[in-house]
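Protein chains get the first letters and strands the later ones, always in sequence-line order, with residue 1 at the start of each. Atoms considered below: every heavy atom in the structure, side chains included; atoms not considered: hydrogens, waters and symmetry mates.
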Amino acid sequence: MGTDADLAEAIAGALSGLAVSYDPAEIKLERPQRLEHGDWSTNIALVLAKRNDKSPRELAEQLIEALMATPPRHVETVEIAGPGFVNFRLDPGWLHDALREVVAAGESGYAAPDLGHGERVQIEFVSANPTGPVHVGNGWFGTYGDALGRIMSRAGWQVSREYYVNDTGGQVRMLGESLLARRRREAVPDDGYQGEYVRELAEEYDGPEDVAAAGQFATERILENIRTTLERLNIRFDEWYSQASIEESGQVGATIQLLRETGHVFDQDGAVWLRSTEFGDARDRVLVKSNGDATYLAGDLAYHRDKFLVRGFDRVIDVLGADHHGQVASLRAGVQALGVDPDRLEVRLGQLVSLVGGRMSKRTGNFVPLDFLITEVGPDAARLLSLLSSIDQSTTLDLDAVKRQSMDNPVYYVQYAHARIASIGRVATERGIERAPIDQVDLSLLVHPRELEILRMLVDLPRVVTEAAIERAPYKVTNWVRALAASFHGFYHDCYVMGEGVSPELTQARLWLVEAARIGLSIGLDLLGVNAPDEM
RNA sequence: GCCCUCGUAGCUCAGCGGAUAGAGCACCGGCCUCCGAAGCCGGUGGCGCAGGUUCGAGUCCUGCCGAGGGCGCCA
């Protein structure tokens, strides 16, 4: 039971005693940004004042009086501030409690709230067409999806990560044609794939002069490269789902048939249409072209039918680039037409990553391969760099700046904190200092502002994981990790764990503090998929 | 034309409707006889514009300006 929950309970009790009308869910404790505003704060008096016909400050005053008749554990003073905030100032004991909690729960148990209740969620991400190497933008969404998976998994969801392999249709044909043209030393068609990689593949290809065979060869080889590149970034999938397999299995036809039976389909101009306007789409969409080919949408609907109705995921999160915005409405409409509650489908549109000096486009070959970036700055730096900010934010990457910063990159800052922690452990071992069991250690010796700051950060972690999971926002974990690292560096500078003038008792308490920081940092870095090295 | 996302410090970005808007980079100035100076401490500098909602707006609503994306029998 955390201190904030204790306080909320005490506040509820006090309000009841005052005969004030309130809803327990309205009582929210927050940690003020400024230390002068105490350890915990609530705006409950501001929220309830009007309804109870009192001024906020009046209500706050009565609340405090009732509350302090029997002060809650660790509370030293309670003050009214500003328009009617109630600020609690606690003795450091609540933070020592928190330290014990972190250590007891450990790396696997701390900050692991059960929000998902085992709900089965599928996250589909990257899904870049296997027609060329993945670029930096793919990497951005890749680390996003992967980190989101880690976070939701920690928060009680049963997560499956999937890559939808677009290994069929016109683009594979075009890829095959481009490859064969290269092999014949002829010009690649204007709308073909011009990249250098096609030339390289053409040299390796010794199959027949057949577009489909060449396309399949190229697709498989490229996909293998994509997989290798993503693994360099610590991005892994539970499933690589082939679009061709869906078509071959007859699921596309079955899906269209199902839609026809439920009356959501009509024929016009020799094509088969989905009446998606019924479900809020701006216009109806073609499922089968007049030449008999199924459209991308038809395949996508079959795929989503498979996700929801065959494999039975409770929730599906599609991570897409903002350039796929146009297909969201029809996909959602189609899913609804299939009888699936559209709320179960979540589409996260990530803003595009652009570069100083030109945008990324695959066809022209004018893009920065993800492999290139990883080689330039290293996997961990690339990974953290991509998780630095929200995917709602379009990012501009200045490659020169990234390279220039490479020795001054945020990732080194956080990893250095972890290395320092490990270093303390090594020195302790050298000096023959062992950590005593925590219940034999006097944690009340931890009173330095730097020490308490670390503990406050650790108190925040469960809340950060919760927010990151619910808002699908891994960057919040990144922010926290950076802030914790900052706290630790400050502590490391000001508070020697083993040094002249540090008593053995204080050393013991600080060793446990360092251990708690290590646990928190490890959790955070693991959620981001960034390594936590013992040495740099 | 219509729809979506975004405009916060010179640059890259944080800021569940709350109190004096925060970091990093860059720039200026300090700190190593003790666990790693890839660090610590201090300084310079900002909410695109105009209304509205309310106890309170960077945050919500409307309009305008600006940037990116989308409106195919392409995928």
When we call it a touch if two heavy atoms are under 4.0 Å apart, what does [X] touch: a base, just sugar-phosphate, or nothing?
X        : value
A:Glu30  : base
A:Arg34  : base
A:His37  : base
A:Ala322 : sugar-phosphate
A:Ser55  : nothing
A:Glu535 : base
A:Tyr475 : sugar-phosphate
A:Asn43  : base
A:Asn87  : base
A:Gly326 : sugar-phosphate
A:Lys476 : sugar-phosphate
A:Ser389 : sugar-phosphate

(request) Using a strict cut-off of less than 4.0 Å between a Lys/Arg side-chain nitrogen and an Asp/Glu carboxylate oxygen, indicate whether A:Arg305 and A:Asp300 qualify as a salt bridge. (result)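 Answer for the salt bridge query: no.
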
(request) For the pair A:Asp39 and A:Arg456, find out whether any cationic side-chain nitrogen is under 4.0 Å from an anionic carboxylate oxygen. (result)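 Looking at A:Arg456 together with A:Asp39, the answer is yes, because their closest N to O distance falls below 4.0 Å.
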
(request) With sequence neighbours excluded, tell me which residues meet salt bridge (charged side-chain N to carboxylate O under 4.0 Å, His left out) with A:Glu471. (result)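 A:Glu471 satisfies salt bridge (charged side-chain N to carboxylate O under 4.0 Å, His left out) with A:Lys476 once adjacent residues are dropped.
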
(request) Answer yes if the ring centres of A:Tyr413 and A:His489 are under 6.0 angstrom apart, and no otherwise. (result)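 Yes, the ring centres sit under 6.0 Å apart.
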
(request) Mind running a 4.0 Å heavy-atom check of residues 448-472 of chain A against RNA chain B and sending the residues that fall below it, in number order? (result)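 Under 4.0 Å from RNA chain B: A:Arg450.
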
(request) Scan residues 502-510 of chain A against RNA chain B and write down, sorted by residue number, each residue with any heavy atom closer than 4.0 Å; if none is found, say none. (result)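 Per residue number, the list is empty: none.
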
(request) Using a 3.5 Å limit on both pairing distances, list the dot-bracket string of RNA chain B from the 5' end; Watson-Crick and G-U wobble pairs count, crossing pairs take [ ], interstrand pairs take |. (result) (((((((..((((....[...)))).(((((.......)))))....(((((..]....))))))))))))....

(message) Under the criterion of centre distance below 5.5 Å and interplanar angle below 30°, is A:Tyr496 classified as stacked on the base of B:C34?
(response)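 Yes; centroid distance and tilt both under limits.
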
(request) Could you tell me whether the phosphate oxygens of B:G72, OP1 or OP2, come under 4.0 Å of any side-chain nitrogen or oxygen in A:Arg283? (result)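 For B:G72, OP1 or OP2 has a side-chain N or O of A:Arg283 closer than 4.0 Å.
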
(request) Measure across A:Leu525 and A:Asn531 and return the closest heavy-atom pair with its distance rounded to 0.1 Å. (result)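 That closest heavy-atom pairing would be CD1-O, 4.1 Å.
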
(request) From the options B:G39, B:G70, B:C73, select the nucleotide whose nearest atom is closest to the side chain of A:Asp323. (result)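 The answer is B:G70.
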
(request) Go through B:A19, B:G69, B:A37 for me and flag the one nearest to the A:Phe85 side chain. (result)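 Taking heavy atoms from C-beta onward, the closest nucleotide is B:A19.
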
Review item, nucleotides 53-57 of chain B N/O atoms under 3.5 Å of protein N/O:
| from | atom 1 | to | atom 2 | distance (Å) |
| --- | --- | --- | --- | --- |
| B:C55 | OP1 | A:Lys50 | NZ | 2.3 |
| B:C55 | OP2 | A:Lys50 | NZ | 3.4 |

(request) Would you mind building the protein contact string for nucleotides 3-11 of chain B? One character per nucleotide, 5' to 3', B for base within reach (heavy atoms under 4.0 Å), S for sugar-phosphate only, - for untouched. (result) BSBS-----

(message) If the glycosidic angle sits within 90 degrees of zero it is syn, else anti. Tell me which applies to B:C60.
(response)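 B:C60: anti.
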
(message) Quick check on side-chain hydrogen bond (donor to acceptor under 3.5 Å, both in side chains): which of A:Glu248, A:Gln243, A:Arg173, A:Glu247 does A:Thr168 satisfy it with?
(response)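 One option only clears the test, and that one is A:Glu247.
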
(request) Measure the distance from CG on A:Leu384 to C1' on B:A14 and round it to the nearest whole Å. (result)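 Result: 14 Å.
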
(request) Nearest whole angstrom, please: distance from the C1' of B:A75 to the CG of A:Asp293. (result)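 The distance from CG of A:Asp293 to C1' of B:A75 comes to 13 Å, rounded to the nearest Å.
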
